[in-house]
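Letters A, B, ... are given to chains in the order of the sequence lines, protein chains preceding strands, and every chain is numbered from 1. What's counted below: heavy atoms across the whole structure, side chains too, no hydrogens, waters or symmetry copies.
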Number of protein chains: 2
Amino acid sequence: MEFDDKVPIYYQIEEYIRQQIISGQLAAGAQVPAVRQLALDLTVNVNTIQRALSHLVQTGVLVSKRGLGNFVTTDAHVLAALRTAAIQAPLAQLYDRLAALNLTADEMRAALETYIAQREKESE
Amino acid sequence: MEFDDKVPIYYQIEEYIRQQIISGQLAAGAQVPAVRQLALDLTVNVNTIQRALSHLVQTGVLVSKRGLGNFVTTDAHVLAALRTAAIQAPLAQLYDRLAALNLTADEMRAALETYIAQREKESE
DNA sequence: TATAGTGTACTAGTAATCTATTACACGCAT
DNA sequence: ATGCGTGTAATAGATTACTAGTACACTATA
């Protein structure tokens with residue numbers, strides 16, 4: 001996995017797991033890969049994995065069962081909130097940054113439109 | 001100034017200066033506040049300011065004149081690239097994150113629309 | 001009961017970031 | 001020439017993030 005060295009690895013792993021859950025690659029109630037396996041997969045130390053997971057446990061996103069593994073919560077409220085936050089955060093960032101550059105709402109729409117067209121063109 | 005403790009302060013200051021330039025609060029050729037003054041304003045050490053500025057100098061965004069101060073470049077190409085990058089970056093982040101959640105282009109447009117409406121409502 | 005697979009805890013060492021402090025280099029006005 | 005305002009450099013210490021390694025705790029199953 002590629003990490004941005006401007007942000008703590010444990011935090012990027014947190015986001016990675018959250019995204020796996022939101023996108024459905026880790027279903028509600030599913031078991032998360034073992035900490036030692038994750039450490040291998042992400043080429044990172046077990047302690048770093050542990051740090052990321054323990055925060056997800058504190059947040060209620062994961063449930064830890066000693067001797068068994070870590071599991072995705074089945075709490076629908078938590079899962080819904082997770083998805084909402086994952087969508088809102090980048091929107092807020094976009095809005096704030098472009099507003100700081102004095103772009104109007106219309107110019108933001110246009111910028112997104114242009115960007116989408118560009119990306120769709122590239123992926124042909 | 002409020003800093004995100006997940007990202008190095010020197011990097012956040014870099015972005016802060018870049019934004020001041022792009023938004024026009026620091027015009028082309030204008031003098032950047034003295035390093036000691038910036039350190040006071042941002043309640044940060046002079047070394048940290050220096051680290052941020054020296055990278056902006058390396059990038060060609062600022063020009064350093066020993067004994068005189070740091071000045072915004074007058075190179076139109078550099079300034080234009082700065083603005084472009086500042087707009088593209090959050091767009092790319094939005095697109096990538098929402099695409100990872102399996103949102104379509106139309107859903108992205110709709111999400112932005114909803115978000116803008118929400119923000120404009122709040123600011124009344 | 002033994003073993004394999006799981007989470008958890010602890011210590012030690014390295015590297016990066018930030019602070020504090022001091023000193024030096026340059027340009028300009030008095 | 002002096003002094004003030006500027007950028008620059010260098011050292012030492014605190015804190016955090018990460019790695020490496022070891023050990024322990026719990027569960028299920030052969």
query: Which pairs with one or both residues in residues 74-83 of chain A pass salt bridge (Lys or Arg N to Asp or Glu O under 4.0 Å), sequence neighbours excluded?
result: none

task: Could you list the residues that satisfy side-chain hydrogen bond (donor to acceptor under 3.5 Å, both in side chains) with A:Q118, not counting sequence neighbours?
output: none

task: Report yes if a side-chain nitrogen or oxygen of B:T48 is closer than 4.0 Å to either non-bridging phosphate oxygen (OP1 or OP2) of C:dT19; otherwise report no.
output: yes

message: Please give me every residue in residues 2-19 of chain B whose heavy atoms get under 4.0 Å of an atom in DNA chain C, ordered by residue number.
response: B:P8, B:I9, B:Y10

task: In whole angstrom, give the distance that lies between atom NE2 of B:H55 and atom C1' of D:dT8.
output: 18 Å

Atom pair distance, as rounded to whole Å: CG in B:L62 and P in D:dT6: 16 Å

statement: By side-chain hydrogen bond (donor to acceptor under 3.5 Å, both in side chains), A:Q88 pairs with (sequence neighbours left out) none

- request: Supply the members, apart from A:F71, of the Ile/Leu/Val/Met/Phe/Trp/Tyr cluster built from side-chain contacts under 4.5 Å; use none for a lone residue.
  value: A:L68

What side-chain donor-acceptor pairs closer than 3.5 Å can you find for residues 54-62 of chain A, not counting sequence neighbours?
residue : atom : partner : partner atom : Å
A:S54   : OG   : A:Q50   : O            : 3.3
A:S54   : OG   : A:R51   : O            : 3.1
A:H55   : ND1  : A:E14   : OE1          : 2.7
A:H55   : ND1  : A:E14   : OE2          : 3.0
A:T59   : OG1  : A:H55   : O            : 2.5

B:R51 CZ - D:dG7 C1' separation (whole Å): 18 Å

message: At under 4.0 Å between heavy atoms, how does the protein contact nucleotides 2-12 of chain C? Give one character per nucleotide, 5' to 3', with B, S or -.
response: ---BBBB-B--

field: Spacing between B:Q37 atom CD and D:dT6 atom P, to the nearest angstrom
entry: 8 Å

query: So, A:K6 and B:D4, do they make that salt bridge, N to O below 4.0 Å?
result: no

message: I'd like to check the ring pair (Phe, Tyr, Trp, His ring centres under 6.0 Å) partners of A:Y115; sequence neighbours left out, ordered by chain and number.
response: B:Y95

- request: Starting from A:Y11, walk the hydrophobic network (Ile, Leu, Val, Met, Phe, Trp, Tyr; side-chain heavy atoms closer than 4.5 Å) and list everyone else you reach, by chain and number.
  value: A:V7, A:Y10, B:V7, B:Y10, B:Y11

